[in-house]
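See below for the structure under consideration.
Heavy-atom basis, side chains included; hydrogens, waters and symmetry copies ignored.
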Amino acid sequence: MSRYQEISQYRKPFDVVTNWIHYPIATWLCALFSYSFVTPNMITLAAIASETIAIYYIITDFSQSQIMIVILLQLGWILDLMDGMMARFKKLGYYHPTQPSNKGYYLDAVSDHVLKFIIIGALGYRLSHAHEFGWQIGMLALIVHGITQTEHTLRGMITQNNGKPSHQIKRGITDHIALLLNNIYLFYLVFIPLNRIDLLLITFAGVELLLLVKRMISFWINER
């Protein structure tokens, strides 16, 4: 229990569902594996494998594997939370006190974003076989996600959070709602079991556009 509480200190703030459901599972597993030879990079590779298998099922056998797909994607998210906590707890990779390395950070960040694009593309491909406008919806979701991620990355590079670590930035209720709506893993959890890929892609793309407008307005109002 003491190891669980110790590792809990290395969490980063996310949406309320992640903080209350996914993170406790990730922290417990991280505490368990902290006694072993398992490294953060191994956990990242496990997350990649989990989501890659989910992509395979989306493309080849979606109608019969919806629950398995949801489990694999949620596991990927839990593992994605774990690798950062493990690195911060063990002071490895990017967090090494004397010889920090960006390799694990790179693997984690790049694989996370690339896999999201592939999953959206795979869902669009699956929808194209079941919906009259399936490929158009899938393409629209990919374009919107690409635009929002590009804006988010470039804005972060420009502002660098005004020098403040993300965990020190105060968030209001609208920010917490935005975090919740921006978590695509929650959309997987809701819409895939309902077999409504169309609603998943349309709703997520719509939310991303709204959040994009919110961020742009906030930037122009608050920045000098």
Side-chain angles (χ1 to χ4, degrees), residues 11-23 44 47 51 55 73-74 76-77 80-81 83-84 94 102 105-125 127-128 131 133-192 196-224:
R11 295 181 182 183
K12 289 184 176 181
F14 284 96
D15 59 90
V16 64
V17 176
T18 297
N19 291 338
W20 287 94
I21 297 178
H22 296 87
Y23 246 140
T44 301
E51 296 196 17
I55 292 167
L73 291 175
Q74 299 306 308
W77 179 223
D80 189 33
L81 299 171
D83 56 13
Y94 181 78
N102 287 323
Y105 199 166
Y106 176 88
L107 177 64
D108 180 26
V110 172
S111 64
D112 185 33
H113 287 287
V114 169
L115 283 168
K116 281 190 179 73
F117 276 102
I118 297 175
I119 292 168
I120 292 173
L123 290 169
Y125 170 79
L127 186 62
S128 69
H131 194 286
F133 301 104
W135 76 267
Q136 291 95 331
I137 294 173
M139 184 61 67
L140 177 63
L142 278 172
I143 292 172
V144 170
H145 187 62
I147 292 171
T148 56
Q149 289 302 302
T150 300
E151 184 275 339
H152 177 76
T153 301
L154 293 176
R155 179 170 42 81
M157 292 171 60
I158 293 168
T159 63
Q160 296 183 344
N161 289 328
N162 294 320
K164 294 181 181 180
S166 60
H167 65 276
Q168 293 182 3
I169 298 174
K170 294 183 178 179
R171 292 190 171 99
I173 184 64
T174 56
D175 297 307
H176 287 288
I177 294 173
L179 283 171
L180 188 67
L181 294 177
N182 201 40
N183 189 344
I184 195 170
Y185 290 92
L186 303 183
F187 286 79
Y188 300 151
L189 187 61
V190 172
F191 290 109
I192 288 180
R196 293 306 303 265
I197 299 176
D198 53 344
L199 290 180
L200 189 161
L201 296 178
I202 292 171
T203 305
F204 186 68
V207 166
E208 282 202 308
L209 280 176
L210 288 175
L211 295 178
L212 173 64
V213 173
K214 173 185 176 296
R215 290 196 297 262
M216 292 174 65
I217 293 174
S218 177
F219 177 86
W220 283 105
I221 291 175
N222 297 318
E223 290 294 322
R224 286 189 257 177

Assess whether side chain to side chain contact (heavy atoms under 4.5 Å, CB included) is satisfied between Leu127 and Phe133, documenting all intermediate values.
CA-CA 8 Å; Leu127 186 62; Phe133 301 104; over 6 Å; no
Side chain to side chain contact (heavy atoms under 4.5 Å, CB included), that's the test. Do Val190 and Leu200 meet it? Break it down for me.
CA-CA 8 Å; Val190 172; Leu200 189 161; over 6 Å; no
Is the ring centre of Phe14 less than 6.0 Å from the ring centre of Trp77?
yes
NE2-NE2 distance between His152 and His113, expressed to the nearest 0.5 angstrom:
6.5 Å
Report the distance from atom OH of Tyr106 to atom OG1 of Thr44, rounding to the nearest 0.5 Å.
13.5 Å
When you compare the side chain of Arg215 with that of Leu211, does any pair of heavy atoms fall below 4.5 Å?
yes
Kindly write out the residues that satisfy side-chain hydrogen bond (donor to acceptor under 3.5 Å, both in side chains) with Asp80, not counting sequence neighbours, or none if the list is empty.
none
Separation of Leu107 CG from Asp83 CG (nearest 0.5 Å):
8.5 Å
Would you say the side chain of Val207 lies within less than 4.5 Å of the side chain of Phe187, judging by non-hydrogen atoms?
yes
CD1-OH distance between Ile197 and Tyr125, expressed to the nearest 0.5 angstrom:
12.0 Å
Judged by atom type as modelled, is there a donor-acceptor pair below 3.5 Å linking the side chain of Tyr185 to the main-chain atoms of Gly76?
no
Taken in chain and number order and not counting sequence neighbours, the residues that satisfy ring pair (Phe, Tyr, Trp, His ring centres under 6.0 Å) with Tyr94 are Tyr105
Tell me, please, which residues at least two apart from Asn102 pass side-chain hydrogen bond (donor to acceptor under 3.5 Å, both in side chains).
none
Would you say Tyr188 and Leu123 make side-chain contact, with heavy atoms under 4.5 Å?
yes
Sorted by chain and number, sequence neighbours left out, side-chain contact (heavy atoms from CB on, under 4.5 Å) with Asp15 holds for Val17, Thr18, Leu179, Leu180, Asn183, Leu186
Please identify each residue that fulfils side-chain hydrogen bond (donor to acceptor under 3.5 Å, both in side chains) with Lys214, with sequence neighbours left out.
none
For side chain to side chain contact (heavy atoms under 4.5 Å, CB included), just list the numbers for Leu115 and Ile55, CA-CA rounded to whole Å, side-chain angles, deciding distance to a tenth of an Å, and then say yes or no.
CA-CA 9 Å; Leu115 283 168; Ile55 292 167; 4.0 Å; yes
Could you pull out all residues at least two apart from Leu142 that satisfy side-chain contact (heavy atoms from CB on, under 4.5 Å)?
Phe117, Ile120
On a heavy-atom basis, which atom in Asn19 and which in Arg11 lie closest, and how many Å separate them?
O-NH1, 3.7 Å
Contact list for residues 112-125, test salt bridge (Lys or Arg N to Asp or Glu O under 4.0 Å), sequence neighbours left out
Asp112-Lys116
With Asp108 via salt bridge (Lys or Arg N to Asp or Glu O under 4.0 Å) - residues at least two apart:
none
For Phe219, all residues meeting side-chain contact (heavy atoms from CB on, under 4.5 Å), sequence neighbours excluded
Arg155, Thr159, Glu223
To the closest 0.5 Å, what do you measure between OG1 (Thr148) and CD1 (Ile143)?
12.0 Å
Looking at residues at least two apart in the chain, or sitting in another chain, which of them share a side-chain contact (heavy atoms from CB on, under 4.5 Å) with Leu210?
none
So how far is it from Leu201 CG to His145 NE2, rounded to the nearest 0.5 Å?
11.5 Å
Got a sec, which residues hit side-chain hydrogen bond (donor to acceptor under 3.5 Å, both in side chains) with Ser218, two or more places apart in sequence or on another chain?
Asn222
